[in-house]
Amino acid sequence: MASSAQSGGSSGGPAVPTVQRGIVKMVLSGCAIIVRGQPRGGPPPERQINLSNIRAGNLARRAAATQPDAKDTPDEPWAFPAREFLRKKLIGKEVCFTIENKTPQGREYGMIYLGKDTTGENIAESLVAEGLATRREGMRANNPEQSRLSECEEQAKAAKKGMWSEGNGSHTIRDLKYTIENPRHFVDSHHQKPVNAIIEHVRDGSVVRALLLPEYYLVTVMLSGIKCPTFRREADGSETPEPFAAEAKFFTESRLLQRDVQIILESCHNQNVLGTILHPNGNITELLLKEGFARCVDWSIAVYTRGAEKLRAAERFAKERRLRIWRDYVAPTANLDQKDKQFVAKVMQVLNADAIVVKLNSGDYKTIHLSSIRPPRLEGENTQDKNKKLRPLYDIPYMFEAREFLRKKLIGKKVNVTVDYIRPASPATETVPAFSERTCATVTIGGINIAEALVSKGLATVIRYRQDDDQRSSHYDELLAAEARAIKNGKGLHSKKEVPIHRVADISGDTQKAKQFLPFLQRAGRSEAVVEYVFSGSRLKLYLPKETCLITFLLAGIECPRGARNLPGLVQEGEPFSEEATLFTKELVLQREVEVEVESMDKAGNFIGWLHMDGANLSVLLVEHALSKVHFTAERSAYYKSLLSAEEAAKQKKEKVWAHYEEQPVEEVMPVLEEKERSASYKPVFVTEITDDLHFYVQDVETGTQLEKLMENMRNDISSHPPVEGSYAPRRGEFCIAKFVDGEWYRARVEKVESPAKVHVFYIDYGNREILPSTRLGTLPPAFSTRVLPAQATEYAFAFIQVPQDEDARTDAVDSVVRDIQNTQCLLNVEHLSAGCPHVTLQFADSKGDVGLGLVKEGLVMVEVRKEKQFQKVITEYLNAQESAKSARLNLWRYGDFRADDADEFGYSR
């Protein structure tokens, strides 16, 4: 342990004590220290040295837990200052010492000098000179060392130093506190501010005993976020170290034991405190991880205040170099090439709330599962009617919301994929079905981790792992933090509210239901839909959100190659290019929002009609790409000319279904279509109501005086003949009069009757809605019916803009519009018609500024790009305004372009 040197002397004289050297590991008291040697292949040997000829006070001792009658022993006066004097002077320093006496019990007494030889400071003399120790009683000054001690003591007495000062030294006795009454309150009261402390003991690499200053609390501190190998206590009381436990303990001891440190108290676990120890030379938590002496632990990493990602990075550093506890480590993606670990791909389909199908640059399709998250699932066994087939998307609470969140965020977008691990295939058991091999990855778009966003909205939960299971998300801590936020805020799956129920009727193949539904869809014109499944190039399954039903939809006007079919006893092969047509339709419309026009239905209950996406007709596109031919039934449709034109162009290219086409000389005169010009005919209107989905109701200024006159006459009539309270029985769709909060009567229409106390009405002249008791309703007098004066509130929507799907963003846009135009006169121009209501542009009456364009400039909405030529000039102006808002990072764009990156590989083009 220590190098030795013989002092010179005559061979005949008394033996001179051997000088030995060591490094001070610990100061036990004012007259005892522990020295150690240099480490060689493991923790070094150590020994206790007691100072000869002097005595210092005893430090406080806690009563043994095994002796219930024993009491805690306090500090003797000046004992702690003596210990502190030596601690500050010696810890971590090299000393030399001579052993003068050794007792039968093995206790060693000697002289200690600071430095490499005996010319250094004599520690015993320094203690006595400071009045922190006394010469042992009965000790005579028989030699020079004892004489010097006697002189030092006399000088200390004369100077009234330390214990020789006036008073009994009671102020030097610490009020030690071994337990904390309320650990949680104690930790919180420090508000994560650094607390001065001395490390008194190191139990293992990540658990220490610390003396908190200045209150003298003696607490056990466990390092937040990590765990080192420990010493297992056996039945016989002995301790067995786990691999690298001793080395980890020495690593912490040699840097922290009896050092002055600062501790950030972060949490508590029983009487133990979780915290981070800060030393001027660095953060021991990160150092232990980086050297391979510790591993991250999930249960406490969440409270680590200096960034969990730093701990994960330090652990990763040790894993990559296979240091110490990671000597046998194999990375989960060790067998993957770099190009297979990280890549950019286009999202084609959302399979579930935790899986997507992406298209790689090579053209191949790959299923990606989001790492470490679990989609919503049914709880309990008896929640589902056994006679009813389970439809997970609609029957599992929040599954539909989760799928819709992913669909709206990802479909058709390019994403960054970082593979975290490959979960191997597993066979089926009695309780768990078989699973094929799964590629689990972190998927990001515009810097947003999709799994984290899903969890933060309460639409998925985080999978918990065994501590040694490394197959998890590379952003696992962020997922846990997002889940904690969702639980705290009661989002989604963690909400105390009733779970949303989706009653979706499946009309596919039900001829009777389809017949009843057909007239409604025909009258609706263009209906919004989401493509749920693609059976073939021209046969799809659609979800109609407004009608909450599923239908099978056949594309009208075309003849698409038939796909392969399984018939009883044989498999019928598909026609040429059937697979290409199916793939084309899938890539174009699967899980996209589309508009459909239903014209008719077939005998099997399938609806036939036209499907539009981004202004393009899918039937025309299939013909254009030589994947379908025009069917004679298209002659009656408004799209016949477009179909013929597309087919003619495809024939000329002689590709796919027209590969063997031979042109026949036919002289054909194609009609020249005149380009329609945008009509700008603004009329004055008065805006009366803005809805939550950014639609608005207006009154025609020209008929405003007629309405005022009618209202005045109606109220006079009602005051003369007031309705009998409770005599009116409201029925849905009926016109009536309703008493508004201002106490006046207005014309209204009954929209829904929940009960006599809850009747939903719509004020037909102003556009607002209200829920009233039937006692505030009455029969509309015939003299003031809609035949005398039609309903004056007309519903419109803004043209050329997309209403934000996010609720908070939509609220911001609505608030802006309410502030700017509600109850004001504006100028309105109808731009194009839609199934719901006409889409218009609105101008301020005074400045002629475009209201919709203003919303785009403020970054409150996005532009809806339309293909019609007559709108290109105004669309260009809107897009320029959008780019300006994006550059200025206004509102929707405050985090950049959240839809996709500007780079080409993200599929975003201006």
Side-chain angles (χ1 to χ4, degrees), residues 24-29 33-34 59-63 65 72-75 79-81 83-88 90-92 173-228 230-231 245 248-289 293-294 297 300 303-306 311:
V24 178
K25 170 191 170 181
M26 187 176 182
V27 176
L28 297 175
S29 68
I33 65 170
I34 292 177
L59 290 169
R61 290 177 68 87
R62 192 178 183 185
D72 297 340
T73 307
D75 288 333
F80 185 63
R83 198 293 295 261
E84 285 297 273
F85 177 81
L86 289 191
R87 183 182 70 81
K88 291 175 181 177
L90 298 181
I91 284 295
I173 299 173
R174 297 170 294 169
D175 178 18
L176 274 174
K177 304 170 188 73
Y178 297 103
T179 57
I180 302 170
E181 283 188 17
N182 187 338
R184 168 58 60 192
H185 179 264
F186 179 78
V187 169
D188 292 344
S189 67
H190 286 85
H191 305 292
Q192 296 182 349
K193 292 178 181 175
V195 178
N196 292 324
I198 302 167
I199 303 302
E200 295 290 353
H201 175 67
V202 176
R203 194 176 82 189
D204 60 50
S206 57
V207 181
V208 301
R209 194 86 166 140
L211 181 66
L212 303 185
L213 304 175
E215 290 94 355
Y216 297 119
Y217 279 101
L218 201 56
V219 299
T220 299
V221 178
M222 305 168 73
L223 293 177
S224 300
I226 69 164
K227 186 176 187 297
C228 290
T230 58
F231 296 82
K249 180 181 178 181
F250 176 70
F251 185 87
T252 301
E253 267 184 353
S254 61
R255 286 158 177 78
L256 294 187
L257 184 59
Q258 288 199 331
R259 275 21 178 233
D260 291 309
V261 297
Q262 287 191 314
I263 303 178
I264 298 174
L265 308 180
E266 292 163 332
S267 187
C268 62
H269 180 67
N270 300 327
Q271 273 285 322
N272 301 329
V273 170
L274 288 166
T276 298
I277 300 174
L278 304 178
H279 186 274
N281 293 339
N283 182 338
I284 193 71
T285 308
E286 292 175 21
L287 285 172
L288 284 163
L289 284 170
F293 283 124
V297 288
S300 68
V303 303
Y304 183 72
T305 54
R306 302 176 75 81
L311 299 190

Minimum side-chain heavy-atom gap Thr220-Val273 below 4.5 Å:
no
Under 3.5 Å donor-acceptor, Asp72 side chain and Arg62 backbone:
no
Side-chain heavy-atom pair Val219, Val221 within 4.5 angstrom cut-off:
yes
Side chain to side chain contact (heavy atoms under 4.5 Å, CB included) assessment of Leu278 paired with Ile263
CA-CA 6 Å; Leu278 304 178; Ile263 303 178; over 6 Å; no
Measure from the ring center of Tyr178 to the ring center of Tyr217 and say whether it is less than 6.0 Å.
no
Please report the interatomic distance CE(Met222) to NE2(His269), rounded to the nearest 0.5 Å.
5.5 Å
Measure across Met26 and Ile91 and return the closest heavy-atom pair with its distance rounded to 0.1 Å.
CA-CD1, 3.7 Å
Could you tell me whether Asp204 and Lys249 have a side-chain N and a carboxylate O separated by less than 4.0 Å?
no
Rounded to the nearest 0.5 angstrom, the CG-CG distance for Leu223 and Asn283 is 8.5 Å
Gap between atom CD1 of Ile33 and atom CG of Leu90 - 0.5 Å precision:
6.0 Å
Salt bridge present between Glu215 and Lys177 (N-O < 4.0 angstrom):
no
Glu200 side-chain N/O to Leu218 backbone N/O, donor-acceptor pair under 3.5 Å
no
Using modelled atom types and a 3.5 Å cut-off, is there a donor and acceptor pairing between side-chain atoms of Arg174 and backbone atoms of Tyr216?
no
Which is it for Leu256 and Val261 under the side chain to side chain contact (heavy atoms under 4.5 Å, CB included) test, yes or no, and what are the steps along the way?
CA-CA 8 Å; Leu256 294 187; Val261 297; 4.0 Å; yes
From CZ (Arg259) to CD1 (Ile277), nearest 0.5 Å
12.5 Å
Answer yes or no: are there more than 12 heavy-atom neighbours, outside Arg209 itself, under 6.0 Å from its atom CZ?
yes
Give me the atom names and distance for the closest heavy-atom approach of Leu289 to Ala294.
CD2-O, 3.4 Å
Run the side chain to side chain contact (heavy atoms under 4.5 Å, CB included) test on Leu176 and Leu211 for me, step by step, so that the C-alpha distance in whole Å, both residues' side-chain angles and the decisive distance to 0.1 Å come before the verdict.
CA-CA 9 Å; Leu176 274 174; Leu211 181 66; 3.6 Å; yes
Under a plain distance cut-off of 3.5 Å, with no hydrogens placed, do Arg306 and Ser224 share a side-chain donor-acceptor pair?
no
Taking Ser206 for the side chain and Lys227 for the main chain, is one N or O donor matched with an acceptor at less than 3.5 Å?
no
Determine the minimum heavy-atom distance between Cys228 and Gly205, stating which atoms define it.
SG-C, 3.5 Å
A side-chain contact here means heavy atoms from C-beta on lying under 4.5 Å apart; do Ile284 and Arg255 qualify?
yes
Start with the C-alpha distance between Arg184 and Ser267, add both sets of side-chain angles, then the distance that settles side chain to side chain contact (heavy atoms under 4.5 Å, CB included), and finish with yes or no.
CA-CA 7 Å; Arg184 168 58 60 192; Ser267 187; 3.2 Å; yes
Pairwise distance CD1(Ile173) to CZ(Phe80) - rounded to 0.5 angstrom:
12.5 Å
Under a plain distance cut-off of 3.5 Å, with no hydrogens placed, do Arg83 and Ser29 share a side-chain donor-acceptor pair?
no
One should read off an interatomic distance between Arg87 CZ and Leu28 CG, to the nearest 0.5 angstrom, of 13.5 Å
Aromatic plane relationship, Phe251 with Phe293 - under 30° parallel, 30 to 60° tilted, over 60° perpendicular
tilted
Side chain to side chain donor-acceptor pair (under 3.5 Å) partners for Thr252, two or more places apart:
none
Do Leu311 and Glu286 come within less than 4.5 Å of each other through their side chains, counting heavy atoms only?
yes
Which residues share a side chain to side chain donor-acceptor pair (under 3.5 Å) with Gln192, sequence neighbours left out
none
Test your reading of the model: is there a side-chain donor-acceptor pair from Asp75 to the backbone of Ala60, 3.5 Å cut-off?
yes
